[in-house]
Amino acid sequence: MAYIMVLIANLSVFSIIQVDRQLHTPMYFFLSSLSILDVCYSTIILPAMVVNAITGNRRISYSGCFIQLYFFICVGGTECLLLAAMAYDRYVAICNPLQYVLIMNKRFCSYIVAGCFLLGLINSMFHTLMTLRLSFCGSRNINNFLCDVLPMLEAACSDIYSSQMLIRVDTVLLGVSTFLVVMNSYTHIISTILKIHSSEGRKKVFSTCSSHIIVVTIFYITGILSYNGPKSGKSFTGARVSSIMNFSSVLYGILSPMLNPMIYSLRNQEVRKAFKKAMTRTQIVIRTIRLYNLNLKNVKLHALIS
């Protein structure tokens, strides 16, 4: 049920943005990319969880585990970079509006999104290759509902120092740096908003980035819970810590993709208008089809009577 909700919500946002010409702007281009990432997140996690719940079989093949690991890290890293790009977009739009069209042109935005995906793929490749070098103990039990880096390091018997160092480097390059970009962007945005004399003007400008602030907050909080709570190795064994890791992974991989489209659609007036317009068009099409079918039946009935 959760997977269906995520699919419907995110694909609806993506479709509305593609169909409505008024939403063909850099902000909504990034938002449509975020919707695709959220669909990928849930597709990596939820179908396997449903199968495990139905069959009661919690096993996963060795190759299947590493495939899940690769794509999970890839999507997470890509989203981290994409959220920073979205913050920069809002910074340019609010703090440098006269140059916005020139700076955030279609080609530049396409390069940004392509770069986010490419860096996510490369980052995930390094993590996956480092984890592939490890040897695993006994039954190879993973204290998590998906194959993620930290739970797999717990199950490893070989030296995990190199993998731990890669996680620390990744935390700085992808986590801290993108967080600083977001914080720097919104520091300048808030400073600009406070200079606006009209309260209505301040409210209007802030409304364009409030949704993104909420999404970024959810993403970083769940990410911190997942990767900076219990440390990898023997220190995070035990049922209590395992349950914390599972809970934070649920938040990080399921709750965020479910909430993101709701936050943007409920708080964004332009998206709400586009949804209403799309619903109106859909109703018109349905009514037209019904009238056509009714007329067709009447024609057939008239022919039979004749």
Side-chain angles (χ1 to χ4, degrees), residues 10-11 13-14 17-18 23-44 67-97 99-130 148-149 166-189 208-209 211-213 215-220 222-224 226-227 252-253 256-257 260-261 264:
N10 283 285
L11 291 178
V13 171
F14 178 81
I17 292 171
Q18 299 305 311
L23 300 182
H24 289 182
T25 62
M27 182 176 75
Y28 294 109
F29 175 66
F30 292 132
L31 177 56
S32 64
S33 301
L34 181 65
S35 297
I36 295 300
L37 282 176
D38 286 338
V39 169
C40 293
Y41 250 138
S42 300
T43 303
I44 293 165
I67 290 171
Q68 187 182 59
L69 171 70
Y70 177 80
F71 285 106
F72 183 74
I73 296 174
C74 174
V75 174
T78 303
E79 183 161 344
C80 198
L81 293 165
L82 186 61
L83 289 174
M86 293 172 75
Y88 176 74
D89 170 71
R90 291 298 84 206
Y91 159 74
V92 177
I94 294 171
C95 300
N96 196 7
Q99 299 294 319
Y100 180 72
V101 177
L102 294 175
I103 296 172
M104 302 302 293
N105 57 70
K106 188 175 181 179
R107 178 179 291 183
F108 181 62
C109 292
S110 299
Y111 286 158
I112 289 177
V113 172
C116 290
F117 277 93
L118 180 61
L119 289 173
L121 289 167
I122 295 170
N123 172 65
S124 182
M125 181 182 67
F126 280 116
H127 279 287
T128 305
L129 291 175
M130 290 296 291
D148 199 1
V149 175
L166 181 60
I167 290 173
R168 292 190 182 100
V169 171
D170 199 36
T171 300
V172 174
L173 293 179
L174 276 184
V176 176
S177 61
T178 54
F179 180 74
L180 290 175
V181 170
V182 172
M183 291 299 296
N184 183 59
S185 297
Y186 279 106
T187 299
H188 285 90
I189 287 170
T208 63
C209 55
S211 299
H212 184 251
I213 292 172
V215 170
V216 167
T217 302
I218 293 171
F219 179 83
Y220 278 104
T222 53
I224 289 168
S226 293
Y227 292 99
Y252 188 69
S256 292
N260 287 355
Y264 277 107

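At a threshold of 4.5 Å between non-hydrogen side-chain atoms, the residues Phe179 and Val176 do not count as touching.
Nearest heavy atoms, Thr217 versus Ile213: OG1-O, 2.7 Å. Among all heavy-atom pairs drawn from Phe117 and Leu37, the shortest one is CE2-CD2, 3.7 Å. Nearest heavy atom pair, residue Cys80 against residue Thr178, reads SG-OG1, 3.2 Å. Of all non-hydrogen atoms in Phe30 and Asp89, the two that sit nearest each other are CE1-CB, 3.8 Å. The two residues Ala87 and Ser185 come nearest to each other via the heavy atoms O-CB, 3.6 Å. When all heavy atoms are compared, the tightest approach of Leu81 to Gly120 is CD1-N, 4.4 Å.
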Practice problem: Kindly determine whether Tyr88 and Ile103 satisfy side-chain contact (heavy atoms from CB on, under 4.5 Å), including the steps that lead there. | Solution: CA-CA 11 Å; Tyr88 176 74; Ile103 296 172; 4.0 Å; yes
Self-check item: Derivation of the side-chain contact (heavy atoms from CB on, under 4.5 Å) call for Leu166 and His127
Solution: CA-CA 7 Å; Leu166 181 60; His127 279 287; 3.7 Å; yes
Self-check item: Criterion side chain to side chain donor-acceptor pair (under 3.5 Å) on Tyr91 and Asn96, from CA distance to verdict
Solution: CA-CA 7 Å; Tyr91 159 74; Asn96 196 7; over 6 Å; no
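Note: Gln18 CD to Tyr28 OH = 13.5 Å, rounded to the nearest 0.5 Å. To the nearest 0.5 Å, atoms CG (Asp148) and CG (Leu69) are separated by 7.0 Å. The distance from the CG atom of Leu174 to the OG1 atom of Thr78 is 9.0 Å, given to the nearest 0.5 Å. Rounded to the nearest 0.5 Å, atoms CD (Gln68) and CD1 (Ile73) are 10.5 Å apart. To the nearest 0.5 Å, atoms SG (Cys95) and OH (Tyr100) are separated by 12.5 Å. To the nearest 0.5 Å, the span separating CG on Asp38 from OG1 on Thr43 amounts to 10.5 Å.
Just one residue in the list Ile17, Leu11, Asn10 forms a side chain to side chain contact (heavy atoms under 4.5 Å, CB included) with Ser35, and that residue is Asn10.
Distance alone, capped at 3.5 Å, places no donor-acceptor pair between the Glu79 side chain and the Leu34 backbone. Side chain of Ser124 to backbone of Tyr70: a donor-acceptor contact under 3.5 angstrom is found.
Annotation: Met183, atom CE; neighbour count of heavy atoms from other residues, nucleotides and ligands within 6.0 Å does not exceed 12.
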